[in-house]
S.K.: 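First the structure, then my questions, so here it is.
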Amino acid sequence: MKFIVTGGAGFIGGNFMHYMVNKYPEDQFINLDLLTYAGNLETVAPLEGKPNYRFVRGDIADRKFIFDLFAREKPDVVVNFAAESHVDRSITDPEAFVRTNVCGTTTLLDACRTYGIKRYHQVSTDEVYGDLPLDRPDLFFTETTPLHTSSPYSASKASADLFVLAYHRTYGLPVSISRCSNNYGPYHFPEKLIPLVISRALADEKIPVYGTGANVRDWLYVTDHCSAIDLVVRKGLEGEVYNIGGHNERTNLDVVKTILRSLNKPESLIEFVKDRPGHDRRYAMDPTKIETELGWKPEYTFDTGIPKTIEWYLSNREWWEHIVSGEYQKYFDKMYSKRLAEGENA
Ligand code: NAD
Ligand code: TDX
């Protein structure tokens, strides 16, 4: 089978590329990524040269580019990770989120409709369900919870989900959607809470905690998300949505304190700052459907995943120090400029 995986130079897409390319040597994987500020080819550098892996730079919202690529490659499966993914950025620049997350998704869907596909899989998020109150720990998001978004980011993701389901109902496109809780682990861009805390604490810099730090997130180790998507793509039913989460709820303040303790850094580094506008209070997933119907089980809990993550950031300082310094953005030129000049787009 030939896969096009979009956003494979980002955090989760990059982990998914490692997971799939190594697990399925008989399948072909094309990593399609625009390399925005969030895309980092150093994340997938170990895959370069593998016979079942290729990188192609391009924009999922560029209709001509996408249609030409599909005409040439005729993929069997598309897994769409490509997105603008940071809630804070969506508050300052919503337009970029509409372009990539909504128009990029409909462009891919139209290409799938035109050239045929065995499966289109949309990587979505728990944020499409909005938030839950802090004083109702008995409530969880299920696949039938109404969509009720808060931020421009989550509105764009929910909109994309609705298009994916509409293309199934209207055109019979074989689609699936997974909605996952907050991920953490290797290759997580240090604008997001966990890698931000690790990288700043190691430099003895202040840790900004929004509001009182009482907001709750449901954390999942990234390879558990990858194994869930692999299952949904291969065994999930067409037209279905699957929630993914491991029941690992923590307040932000708990997360920050746990990391500071592990790194032997003082809590005095914590600085409470003005809250995020529209800040979702609590996310909590009910993953019963994927567990019972597809037999998915996460391998890690928060207590086993966090030390593993911290260890990775300590052993791979170069990876995130290149991001902090901006060095990572030179990688594409270093690796690809000669090949592009010679007319070989990876
Ligand atoms: P990320 O920001 O780390 O990576 C996004 C990738 O998409 C980058 O490599 C970027 O270069 C690429 N990209 C952006 N715009 C593009 C475009 N127009 N064309 C092609 N490529 C483009 O994001 P992430 O955290 O890895 O999230 C991946 C997906 O998973 C997103 O769809 C996100 O909504 C979803 N998700 C994320 C989480 C989480 O906790 N991070 C949880 C649930 C769902
Ligand atoms: O500096 C910070 N201080 C802080 O208190 C940052 C960056 C975040 N926070 C808080 C805001 C959130 O309550 O920490 C929590 C986690 O924040 P983010 O890492 O920005 O993630 P979140 O907004 O929860 O969204 C993430 O999970 C769902 C991903 O970025 C999304 O792409 C995914 O869909």
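In each ligand, atom 1 is the first atom listed, and ligand 1 is the first ligand listed. In this text the structure is predicted, and so the values were computed from the model without any measurement.
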S.K.: Could you tell me whether Asp126 approaches ligand 1 through its side chain, its backbone, both or neither, with non-hydrogen atoms closer than 4.0 Å?
M.R.: neither
S.K.: Give a yes-or-no answer on whether the side chains of His168 and Glu238 include a donor-acceptor pair shorter than 3.5 Å.
M.R.: no
S.K.: Will you find, in the side chains of Tyr283 and Glu127, an N or O donor that is under 3.5 Å from an N or O acceptor?
M.R.: yes
S.K.: If we only count N/O pairs under 3.5 Å, is Ser85 in contact with ligand 2?
M.R.: yes
S.K.: Any N or O of Thr100 that comes nearer than 3.5 Å to an N or O of ligand 1?
M.R.: yes
S.K.: So is there a nitrogen or oxygen of Asp88 less than 3.5 Å from a nitrogen or oxygen in ligand 2?
M.R.: no
S.K.: Taking side chain as C-beta onward, heavy atoms only, is Ser176 less than 4.5 Å from Glu240?
M.R.: no
S.K.: Look only at interatomic distance and state if Asp126 has a nitrogen or oxygen under 3.5 Å from any nitrogen or oxygen of ligand 2.
M.R.: no
S.K.: Examine Pro208 against ligand 2 and note whether any of their N/O atoms are separated by less than 3.5 Å.
M.R.: yes
S.K.: Are any of the side-chain nitrogens in Arg119 or Asp76 under 4.0 Å away from the carboxylate oxygens of its partner?
M.R.: no
S.K.: Does the residue Gly8 have a heavy-atom contact with ligand 1, meaning some pair of atoms that are separated by less than 4.0 Å?
M.R.: no
S.K.: Test your reading of the structure: does Glu191 have an N or O sitting under 3.5 Å from an N or O of ligand 2?
M.R.: no
S.K.: Compare Phe272, Tyr210, Tyr184 and give the one whose heavy atom is closest to atom 5 (O) of ligand 2.
M.R.: Tyr210
S.K.: Is there a heavy atom in Thr6 that sits closer than 4.0 Å to ligand 1?
M.R.: no
S.K.: From the options Val256, Thr251, Asn252, select the one residue that forms a side chain to side chain contact (heavy atoms under 4.5 Å, CB included) with Asp254.
M.R.: Thr251
S.K.: Going by heavy atoms, is Ala9 under 4.0 Å from ligand 1?
M.R.: yes
S.K.: Please compare His188, Arg89, His279 and report which has the shortest non-hydrogen distance to atom 12 (C) of ligand 2.
M.R.: His279
S.K.: Can you list the ligand 2 atoms lying under 4.0 Å from a non-hydrogen atom of Thr125?
M.R.: 28 (C), 33 (C), 34 (O)
S.K.: Run the numbers for me: atoms of ligand 2, each under 4.0 Å from some heavy atom of Tyr153, listed by number.
M.R.: 31 (C), 32 (O), 33 (C), 34 (O)
S.K.: What part of Arg179, side chain, backbone, both or neither, has a heavy atom within less than 4.0 angstrom of ligand 1?
M.R.: neither
